[in-house]
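All values below come from the heavy atoms of this structure, side chains included, with hydrogens, waters and symmetry mates left out. Letters A, B, ... mirror the listed sequences (proteins, then strands); counts begin at 1.
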Protein chains: 2
Amino acid sequence: MTRPIYQVKADFFKTLAHPARIRVLELLRDGERSVGELIPEVGLEASHLSQQLGILRRANVLQGRKEGSTVRYSVTDPRIFELLEVAKAILTSTLAESRQLLVELESLEFVERPDPPPRRKAAR
Amino acid sequence: MTRPIYQVKADFFKTLAHPARIRVLELLRDGERSVGELIPEVGLEASHLSQQLGILRRANVLQGRKEGSTVRYSVTDPRIFELLEVAKAILTSTLAESRQLLVELESLEFVERPDPPPRRKAAR
DNA sequence: CGGCTGCATGAAGGAGACATCAAATCACCA
DNA sequence: TGGTGATTTGATGTCTCCTTCATGCAGCCG
């Protein structure tokens, strides 16, 4: 094995860590899409979208199929959707809790704390 | 809703997109750990690890519990492990396919392609 | 009290990711 | 064959993240 597992996993999550790439994946949930179709739906200019698609393609998350002068993309492994579902479930409950916490906080008085003394600049 | 869903999801994946943070999560799979216990297992210096823990904590992935002079961390939502499992499954099969492809490529002759002409520098 | 241990935070430089424009490539058609 | 539309690639400025050092701070113990 060239790279440790946790490094590979981290890289994998990194390829997913971009709003446009997430959108693309969610759009591909209901089937193949050409780049031209994705452009208006994702809202990026062609070259920018192509870069993002390239990142997903090089990570083997997406695959492109050439059809005439267009390229149609689809997901390599449908389990990616399962991943998105689990993420969504986690986020939904986590956010619900945070919101709840916020409500509770707003019902409390603010307690003023004195300003901390200024920090000395690090001499390097 | 302040931010679109795909932005929230992307941020979530971003908090996971670091090898040390993945390691921490995998270690917390079998229960609570103090920072001091994590240091040798993750292999980061204290302050660096603390920064990474802070990122996970602020994202509500981890929670810290103060016990005397130490802090014990645990995962907020156990479904995070499910997420890691799905990711692992995807990576395992994807990597297996890539390896297979590599083997096939190595059995082919290389076809030399002429160097492309130099690109003109963009004048901006 | 005073120092130590355990952890968190702030600041700063360097590395890497993003966004954007220009240019290249390929398929198709007039 | 030249032109046009669709997509990709390359180059580059900007911005964000990562890492490290210095410091802050709370609890514990002598």
Open item on the list: Can you measure Phe13(B) atom CZ to dC17(D) atom P for me and round it to whole angstrom units?
Closed with: 17 Å
- [ ] Would you indicate what Thr70(A) reaches in the nucleic acid, counting non-hydrogen atoms under 4.0 angstrom: base, sugar-phosphate, or nothing?
- [x] sugar-phosphate
TODO: Rounded off to whole Å, could you give me the CG-to-C1' distance for the Leu62(A) and dT8(D) pair?
DONE: 15 Å
TODO: Using atom CZ of Arg72(A) as one end and atom P of dA6(D) as the other, report the distance to the nearest whole Å.
DONE: 14 Å
Open item on the list: Please confirm whether the shortest side-chain N or O distance from Tyr73(B) to OP1 or OP2 of dA8(C) is below 4.0 Å.
Closed with: yes
- [ ] Between dA6(D), dT9(C), dT9(D), spot the one nearest the side chain of Arg58(A), thanks.
- [x] dT9(D)
Open item on the list: Taking the nucleotide of DNA chain C with the nearest heavy atom to each, does Leu49(A) or Gly68(A) sit closer to the 5' end?
Closed with: Leu49(A)
- [ ] Using a 4.0 Å heavy-atom cut-off across all strands, classify Ala46(A) as base, sugar-phosphate, or nothing.
- [x] base
- [ ] Tell me which nucleotide among dA19(C), dA17(C), dA6(D) gets nearest to the side chain of His48(A).
- [x] dA19(C)
Open item on the list: I need the CD-C1' distance between Glu67(A) and dC28(C), as an integer number of Å.
Closed with: 14 Å
Task: Atom pair CG/CZ of Asn60(B) and Phe12(B) - distance to nearest 0.5 Å - done: 10.5 Å
- [ ] State, yes or no, whether a side-chain contact exists between Leu62(A) and Leu25(A) at a heavy-atom distance under 4.5 Å.
- [x] yes
- [ ] Specify the separation, in whole Å, of atom CG of Leu16(B) and atom P of dC18(D).
- [x] 12 Å
Task: Whether Arg23(A) side chain and Glu41(A) backbone form a donor-acceptor pair below 3.5 Å - done: yes
Task: For the student: nearest non-hydrogen atoms of Gly64(A) and Val71(A), plus distance - done: CA-CG1, 4.1 Å
Open item on the list: Let's see if you get this right: which residues in residues 29-45 of chain A place a heavy atom under 4.0 Å from DNA chain C?
Closed with: Glu45(A)
- [ ] Find the distance Ile55(B):CD1 to dT16(D):P and express it as a whole number of Å.
- [x] 15 Å
- [ ] Work out which heavy atom in Ser93(B) is nearest to a heavy atom in Arg79(A); give both atom names and the distance.
- [x] OG-NH2, 2.7 Å
Task: Phosphate OP1/OP2 of dG6(C) contacted by Ser69(B) side-chain N/O (<4.0 Å) - done: no
Open item on the list: Under 4.0 Å, heavy atoms only, any strand: does Arg21(B) hit a base, just the sugar-phosphate, or nothing?
Closed with: sugar-phosphate
- [ ] Report the distance from atom CG of Asp11(A) to atom P of dG16(C), rounded to the nearest whole Å.
- [x] 12 Å
TODO: Would you indicate what Gln51(B) reaches in the nucleic acid, counting non-hydrogen atoms under 4.0 angstrom: base, sugar-phosphate, or nothing?
DONE: base
- [ ] Find the distance Ile22(B):CD1 to dC18(D):P and express it as a whole number of Å.
- [x] 12 Å
Open item on the list: Counting the atoms with a prime plus P, OP1 and OP2 as sugar-phosphate, which does Arg57(B) contact under 4.0 Å by heavy atoms, base, sugar-phosphate, or nothing?
Closed with: sugar-phosphate
Task: Ser74(B) backbone acceptor or donor facing Arg65(B) side chain under 3.5 Å - done: no
Enumerate donor-acceptor pairs with a distance under 3.5 Å from any side-chain N or O in residues 45-56 of chain B to protein atoms, sequence neighbours excluded.
unit_1   : atom_1 : unit_2   : atom_2 : d
His48(B) : NE2    : Gln52(B) : NE2    : 3.1
Gln52(B) : OE1    : Arg21(B) : NH1    : 2.7

Task: Polar side-chain atom of Glu37(B) near backbone of Ser34(B) as donor-acceptor pair, under 3.5 Å - done: yes
